[in-house]
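In listed order, ligands and their atoms are each counted from 1.
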Amino acid sequence: MEIKPEKRKKFYAISVEDLIEEYRTSYDGISKTQVQRLQMKYGKNEIQAGHQKTYLEMFVDQFKDFMIIVLMVAALVAGFVAHEWADAVIILAVVILNALFGVFQESKAEGAIDALKKMSTPKARVKRDGVIHEIDSTELVPGDIVALEAGDVVPADLRLYETSTLKIEESSLTGESISVQKLATTINEDDVALGDQADMAFAGTNVTFGRGTGIVVNTGMNTEIGQIASMIEGAKENITPLQRNLSQLGKVLTYLILVISVVIFLIGLSKHEASVINLLIIAISIAVAAIPEGLPAIVTIILALGTQNLAKHHAIIRKLPAVETLGSTDVIGSDKTGTLTMNQMTVEKIYTNRELLNSDAPIDRQDMTLRVMNFANDAQIAADGKILGDPTETALIDFGLKNDFYIQDELKTTPRFNDLPFDSDRKMMTSMNRFGDNANLVMTKGAPDLVLKRCTKYLKNNELFDLTEADREEILAVNREMAEQALRVLGFAYKVVDQMPSPINSETIENELVFAGMVGMIDPERPEAKDAVAQAKHAGIRTVMITGDHQITAQAIAKRLGIVSDDAKDAVITGSELSQLSDEELADKIEQYSVYARVNPADKVRIVKSWQAKNKVVAMTGDGVNDAPALKAADIGIGMGITGTEVSKGASDLVLADDNFATIVQAVKEGRKVFANIQKAIQYLMSANLGEVITIFVLTLMGWDVLAPVQLLWINLVTDTFPAIALGVEPMEKGIMDQKPRGRNSTFFTGGVLPAIIYQGIVEAAITLGVYYWAIQFPVHSDPALIHGDAQTMAYVTLALIQLFHAFNVKSFQKSIFQANIFANKTFNWSILISLILLGVTVLIPGFNGLFHVTTLNLAQWGVVVAGAILMVVVVEVVKLFQRLF
Ligand code: ATP
C-alpha cells in the first residue's frame with residue numbers, strides 16, 4: 001500500500017499554529033468552499049476493506065467452481081469428439097445463465113451489505129465556518145477542527161490543541177487497554193511511540209473521559225489504523241456461524257455426491273450401450289446439479305434482505321451474523337432509562353428542609369436544594385428558550401424556571417470554574433463555582449444513597465446540623481417512599497470551601513458535604529413496552545432489567561411492565577450484592593433475578609456471562625462508553641441510536657434507531673422469520689437435490705433411460721433457483737412467537753428439517769420413477785425407442801413440476817397449505833410463473849423439443865404428469881396432518 005507523505009510526518013512535534021497555516025484553516029474550521037476541494041484531494045475518510053468487485057470479475061468468479069469447469073470441458077469434448085454439438089451448446093448456455101444468476105445474487109447481497117454500512121456510519125462533530133456541525137465522519141478532511149467528548153470514537157487522526165481531563169483508550173492500536181491521558185502541549189522529541197504521543201488522538205480509538213479539540217491531520221487509509229491490515233477483519237465477520245456450518249456440510253456432500261456420480265457412471269457402463277462421453281456428462285451433471293454450491297449465496301441474500309426489513313422496523317443491523325442469532329434470543333437484558341421508559345423526566349416531589357412536598361408547592365429561590373439542582377447541571381438553555389441536555393437534568397432546570405430561578409443569571413455572579421462530570425460508576429456529579437472574592441461553592445447531585453454517604457451535615461431552614469444515624473435513616477426512608485412510587489430520586493449536597501484542594505478529584509472534593517434535599521422524578525414507561533415484555537414472555541424469552549437506578553424504583557417499574565410479579569421479592573439484586581457473589585454462585589442463582597439495580601457497567605459483563613453459562617443466548621443493551629465490554633460479550637450487543645455513544649454503537653451488533661425496547665422484540669421476531677425462511681430454502685433445495693440423485697441412481701440401476709444432462713441442469717440451475725430465493729422472502733408465519741427459542745446449539749437442520757429433507761427427497765424420486773414406470777407399462781407407441789423417449793420426457797417434466805408444487809408445501813413446516821394464504825408472497829408467485837414458463841419452453845415449443853431431447857406428450861400423459869406433481873402435495877399434506885396430531 002502506498003504511504004502518502006502526510007503519513008510520515010511527525011505531527012506530534014508540529015505546533016498547531018503551523019498546522020493551521022499549512023492547511024489554510026483557522027480555529028473556526030475550514031470554510032464550506034474549501035471542503036469540496038479537500039474532499040476531492042483526499043477522498044472519503046474511510047477504511048476500504050478490500051477491493052470492490054466489478055460485474056465482470058463477479059461473472060468470471062462464477063466459473064472458478066471446479067465442477068463447473070469439469071462440466072464445460074466435458075461438454076466441449078461431447079461436441080468435438082461425439083459431435084453432440086446441440087448438447088454442448090445448451091450445456092454452455094445453461095452454465096452461462098447460471099453464472100448470470102450468480103452475479104445478480106452476489107450484487108444484490110453486496111448492495112444490501114453496503115446499505116448496511118451506510119446506515120451505521122459514525123458521526124463526528126466538526127467546526128466549519130465557525131459553527132459546530134454533526135456530520136458523517138466519512139466526510140472529514142485534513143484541516144477540519146473536530147470536537148471530542150467521552151463516548152466518542154475518534155473519527156480521524158487528530159493533533160489535539162485543547163484538552164480537559166481527556167482520556168483515550170487506544171488498545172486497538174497499542175494493545176494497551178488502560179486509557180491514556182491526553183495533553184495539548186507539543187512534544188519536542190524524536191521517535192515518540194504511538195502510545196506516548198499525548199498530543200495526538202488516533203482514528204478508531206475510544207474517548208473514555210473528558211473533552212478535547214483537535215485538527216485532522218490524516219484521514220481514511222492514511223490514518224494509523226488505516227495502515228493496519230487487521231481492519232480487513234470487518235469483511236470476514238460477514239460470514240455467519242451457521243453459514244460456515246453449511247459450507248462445511250457442503251464439502252462433505254460434494255465428496256459424497258462425487259462418489260455417487262462415479263458409481264452411476266460405472267453402473268451405466270455395464271448396463272447401457274450409451275457412449276462413454278454421454279455417461280460421463282450424465283455423471284458430471286448429477287454432480288453439478290446435486291452439489292449445493294448455491295446455498296451459501298442464497299443464505300447470504302436472505303440474511304441481507306432481512307437486514308433491510310429490520311431497518312424498516314428501526315433495527316439497524318451492524319454485523320450480519322446478528323440477524324441469524326437474533327431469532328434464537330433467550331434473554332433480553334435491557335437498560336431501564338430510555339429503553340423501557342420514555343426518558344422524559346418531570347419533577348413530582350421535592351424534599352427540602354427535611355420536608356416532603358409536591359412539585360407544585362412554591363419553593364424559595366434561595367432554597368439550597370433548588371440551587372444545587374440547577375448549578376450542578378450540564379443542561380443548557382438555548383437562545384429560543386429550549387432546554388438542551390440529558391432529560392434528568394433538563395427536568396431540574398425546568399423545575400427551577402417554574403420557581404423563578406434563572407440559572408443563567410445566577411451563573412453571572414457565581415460562575416463555574418471546574419467540574420467532576422457524571423459517570424455511571426460514581427453515580428454523581430459535582431460543579432465548582434466561585435462567588436465573591438475567594439469563596440468556592442462545591443455542589444454535588446447524584447444517587448441519594450451514595451450522595452448521603454459523602455455528607456456529614458444537613459441543612460434545615462438555613463441552619464446546619466450534624467447528620468446522625470437516625471437522620472440518615474429518616475432521609476433514606478423518604479427516598480424509599482418516593483422510589484416505591486416508581487420515581488427516580490436524586491439527592492443534592494454542597495459545601496463552601498476557601499481553599500480548593502489539589503489535585504481536584506472525587507476523593508478530595510466529594511466529601512464532608514452538607515445534605516440539602518432530594519427530588520423524585522417520574523419517567524413514564526414506554527406505552528408499548530408492557531406488551532412487548534408479554535410478547536417476549538409468550539415466546540419463551542425472558543426480559544431482565546438492568547439499571548443504575550435505585551432497586552426500589554427499578555422494582556416498581558419492573559412490576560408495572562410485567563417483568564416481575566407482585567410478590568416476587570427475590571427477583572431483585574443490587575450491584576453491591578452482586579459483587580459479593582462468586583462467578584459460580586452468580587451463575588447458580590442467575591435465573592432467579594429479573595431486576596439488576598444500582599449496577600455498574602462492569603457488572604453487566606458478569607450478568608451476560610452468567611446467563612451464557614446457563615447456555616442462554618443473551619441480547620444486551622448499552623449506551624455508555626463503559627458498556628462496550630458487555631455489548632461485546634453479549635451474543636447480541638444492542639446499541640442506542642439516539643442516546644448511545646459512538647463507542648457503544650461501535651461495539652454493538654444491532655442499533656435501535658428509536659432506542660425502544662419494543663423494537664428489540666420486533667427484531668427477534670424478524671430474526672425468527674429470517675431463520676425460518678432460510679430453513680425453507682434449504683429444505684426445498686436439498687430435498688430436490690436428493691430426489692434427483694435417487695431418481696438418476698435408480699434409473700441407471702434399472703437400465704432405464706436416464707434424464708439427459710441438459711434436462712438435469714435445466715431443472716437445477718434454472719427452474720429451481722427462483723422459488724428457492726422467493727422462499728427467503730416469505731411473509732411471517734402466524735404463531736412464530738408462540739414457539740420457544742430454538743436453543744444455542746441449533747443449526748439450519750434442527751426442528752425436523754433434516755428428516756423432512758430425506759423423506760421428501762425419497763417421495764419426489766418415488767413419484768418420478770412411478771411416472772416413468774407407468775409410461776413404459778402403458779405406452780402410446782410401439783417403437784421401444786419412442787416409449788423410452790416418452791418415459792424420459794414424462795420423468796423430466798414430473799421432476800420439474802413436483803419441485804414447483806413442492807415449493808408450496810415448504811411454505812409452512814407443519815401447517816397445511818390450505819390453511820395459509822398461499823398466494824400472499826408476490827415474489828414467490830412470480831418465481832413460480834417464471835419457472836413454469838422456463839419449463840414449458842423446453843417441452844412445448846417445437847424448436848426446443850429437439851434440443852432438450854423431449855417428445856410430444858398426449859393429454860393422458862400430461863394428466864399423469866400433473867397427477868404425479870399433485871401427489872407430492874397430497875403426501876406432504878398427510879405427513880403434516882400427522883405431525884399436527886402428534
Ligand atoms: P439505565 O437504566 O439506563 O442504567 P440509569 O439512568 O438509571 O439508567 P445511570 O445513568 O447509570 O443509570 O444513573 C445511575 C444513577 O445515577 C441514577 O439512578 C441517578 O441517581 C444518578 N444520575 C443519573 N443521571 C445523573 C446526572 N445527570 N447527574 C447526577 N446523577 C445522576
Notebook entry, point to check: Considering only heavy atoms, does Asp390 approach ligand 1 within less than 4.0 Å through its side chain, its backbone, both, or neither?
Noted result: side chain
Notebook entry, point to check: Are the side chain of Arg526 and the backbone N or O of Asn343 linked by a donor-acceptor pair below 3.5 Å?
Noted result: no
Notebook entry, point to check: Lys336 heavy atoms, cut-off 4.0 Å: which ligand 1 atoms fall inside?
Noted result: 1 (P), 2 (O)
Item checked: Nitrogen or oxygen atoms of Gly548 and ligand 1 under 3.5 Å apart -> yes
Check: So is there a nitrogen or oxygen of Ser424 less than 3.5 Å from a nitrogen or oxygen in ligand 1?
Finding: no
Note to self: Is there a polar contact, in the sense of an N or O pair closer than 3.5 Å, between Thr337 and ligand 1?
What the structure shows: yes
Item checked: Atoms in ligand 1 with a heavy atom of Arg598 nearer than 4.0 Å -> 18 (O)
Next item on the list: Could you check Thr553, Asp449, Thr547 and say which one makes a side chain to side chain donor-acceptor pair (under 3.5 Å) with Arg598?
Entry: Asp449
Next item on the list: Would you give the length of the straight line joining atom CG of Asn403 to atom CD1 of Ile350, rounded to the nearest 0.5 angstrom?
Entry: 7.5 Å
Check: N/O of Lys445 under 3.5 Å from N/O of ligand 1, yes or no?
Finding: yes
Note to self: Quick check on contacts: which atoms of ligand 1 are under 4.0 angstrom from a heavy atom of Glu393?
What the structure shows: 26 (C), 27 (N), 28 (N)
Next item on the list: Classify the side-chain pair Thr341/Arg560 by whether it contains a donor and acceptor separated by less than 3.5 Å.
Entry: no
Notebook entry, point to check: Between Arg488 and ligand 1, which part of the residue brings a heavy atom under 4.0 Å of the ligand: side chain, backbone, both or neither?
Noted result: side chain
Margin query: Taking 4.0 angstrom as the limit and counting only heavy atoms of Val489, give me the atoms of ligand 1 inside it, by number and element.
Written below: 20 (O)
Next item on the list: Mind checking whether Leu490 contacts ligand 1 via backbone (N, CA, C, O), side chain (CB onward), both or neither, at a 4.0 Å heavy-atom cut-off?
Entry: side chain
